[in-house]
Protein chains: 2
Amino acid sequence: MDQLSLTFHALADPTRRAILARLAQGEVTVNELAEPFDLKLPTVSKHLKVLQRAGLVSQGRRAQWRPCRIEPEPLKEVSKWMWDYRAFWDESFDRLDEFLTR
Amino acid sequence: MDQLSLTFHALADPTRRAILARLAQGEVTVNELAEPFDLKLPTVSKHLKVLQRAGLVSQGRRAQWRPCRIEPEPLKEVSKWMWDYRAFWDESFDRLDEFLTR
DNA sequence: CAGCTAATTAGCTACTTGGCAGAATACTAG
DNA sequence: CTAGTATTCTGCCAAGTAGCTAATTAGCTG
């Protein structure tokens with residue numbers, strides 16, 4: 001599957017978006033991540049794997065913890081893709097566009 | 001499923017993104033849409049249903065044709081969601097942000 | 001009405017996914 | 001080495017999807 005599809009697929013789940021929102025505020029361990037959800041750990045681990053496959057999340061290693069971190073690159077690609085459609089989502093795009101190209 | 005998940009799911013397929021790209025240039029019938037793909041009509045019709053379920057596409061009626069049109073609302077929601085992560089995808093977000101809030 | 005074209009629906013197969021439980025791995029602490 | 005904690009891996013099941021063919025609906029035209 002191509003990068004953009006992987007990313008959109010990863011984002012197409014509320015649990016995974018919530019995980020991303022949490023990681024946007026800083027590194028968190030898997031247990032801490034799982035805590036607010038009504039899900040078993042292996043399930044959260046699976047969601048993380050989907051996010052990792054998309055490159056949206058990476059995991060480090062500190063003792064037996066594997067702190068998760070958000071990775072920006074795929075979001076940049078999404079925003080690039082979105083930009084081609086700005087005429088459809090940004091009513092004031094022409095003013096903004098005018099400004100940016102100046 | 002929630003709106004954002006439906007939208008991301010619909011976008012997580014190259015064929016469906018290509019369909020959207022085509023529709024961004026104007027209304028097209030289903031047959032015209034299917035033509036560039038190596039897919040049978042029912043398959044394209046199914047993809048269209050996914051896009052419609054997400055609200056990204058609507059179909060009109062002109063005789064026996066059902067011209068498809070792109071709908072902006074879900075893309076707006078995506079761009080709103082993306083905005084919360086601009087720190088992660090837009091290196092110059094702070095300058096832009098500063099401009100927009102002024 | 002009969003015949004034509006446009007498009008969808010139904011039904012099938014193969015594959016993927018989201019959830020779980022239970023076993024396995026990785027590392028720390030004693 | 002043993003016990004304990006953090007995390008992942010392996011199977012399992014139910015549900016969903018992408019593709020196909022064949023059949024059906026909707027509307028035009030002779």
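A quick note: this is a predicted structure, and the numbers were derived from the prediction, not measured.
- The phosphate of D/dT8 (OP1 or OP2) has a side-chain N or O of A/Gln59 nearer than 4.0 angstrom.
- B/Met1 forms part of a hydrophobic cluster together with B/Leu6, judged by ILVMFWY side-chain heavy-atom separations under 4.5 Å.
- Less than 4.0 Å separates DNA chain C from at least one heavy atom of each of the following residues of residues 23-35 of chain B: B/Thr29, B/Val30, B/Asn31.
- What separates CG of B/Leu48 from P of D/dT17 is a distance of 15 Å, to the nearest Å.
- Side-chain heavy-atom separations under 4.5 angstrom define the hydrophobic clusters, and A/Trp65 shares its cluster with no other residue.
- Pairs of residues two or more places apart, or lying in two chains, that qualify as salt bridge (Lys or Arg N to Asp or Glu O under 4.0 Å) and include a residue from residues 16-28 of chain B are A/Asp2-B/Arg17, B/Glu27-B/Arg62, B/Glu27-B/Arg69.
- With sequence neighbours excluded, the residues satisfying salt bridge (Lys or Arg N to Asp or Glu O under 4.0 Å) with A/Glu73 are A/Lys76.
- Atom-to-atom, CZ of A/Arg17 to P of C/dG18 comes out at 12 Å; the value is rounded to the nearest Å.
- Across all their heavy atoms, B/Tyr85 and A/Ala24 have their closest contact at CE2-CB, 3.9 Å.
- Residues that satisfy the side-chain hydrogen bond (donor to acceptor under 3.5 Å, both in side chains) test with A/Gln59, not counting sequence neighbours, are A/Gln52.
- Nucleotide D/dC9 holds its P atom 14 Å from the CZ atom of A/Arg53, rounded to whole Å.
- Nucleic acid contact for B/Arg62: none, since no nucleic acid atom lies under 4.0 Å from a heavy atom of the residue.
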When every nucleotide of nucleotides 19-26 of chain D is labelled 5' to 3' by its protein contacts under 4.0 Å (heavy atoms), B for base, S for sugar-phosphate only, - for none, what sequence of letters results? BBBB---S
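- Going from atom CE of B/Met1 over to atom C1' of C/dG18 covers 11 Å, rounded to whole Å.
- Pairs passing the side-chain hydrogen bond (donor to acceptor under 3.5 Å, both in side chains) check and including a residue from residues 29-44 of chain B, sequence neighbours excluded, read B/Thr29-B/Glu32.
- The side-chain hydrogen bond (donor to acceptor under 3.5 Å, both in side chains) test applied to B/Gln3 returns B/Thr7, not counting sequence neighbours.
- Taking both residues in full, the closest heavy atoms of B/Glu71 and B/Val57 are given as CG-C, 4.1 Å, listed atom of the first, atom of the second, then distance.
- Residue-to-nucleotide proximity on DNA chain D shows that, of A/Val44 and B/Ala63, the 5′-proximal contact is made by A/Val44.
- For the pair A/His9 NE2 and C/dT16 P, the computed distance is 11 Å after rounding to whole Å.
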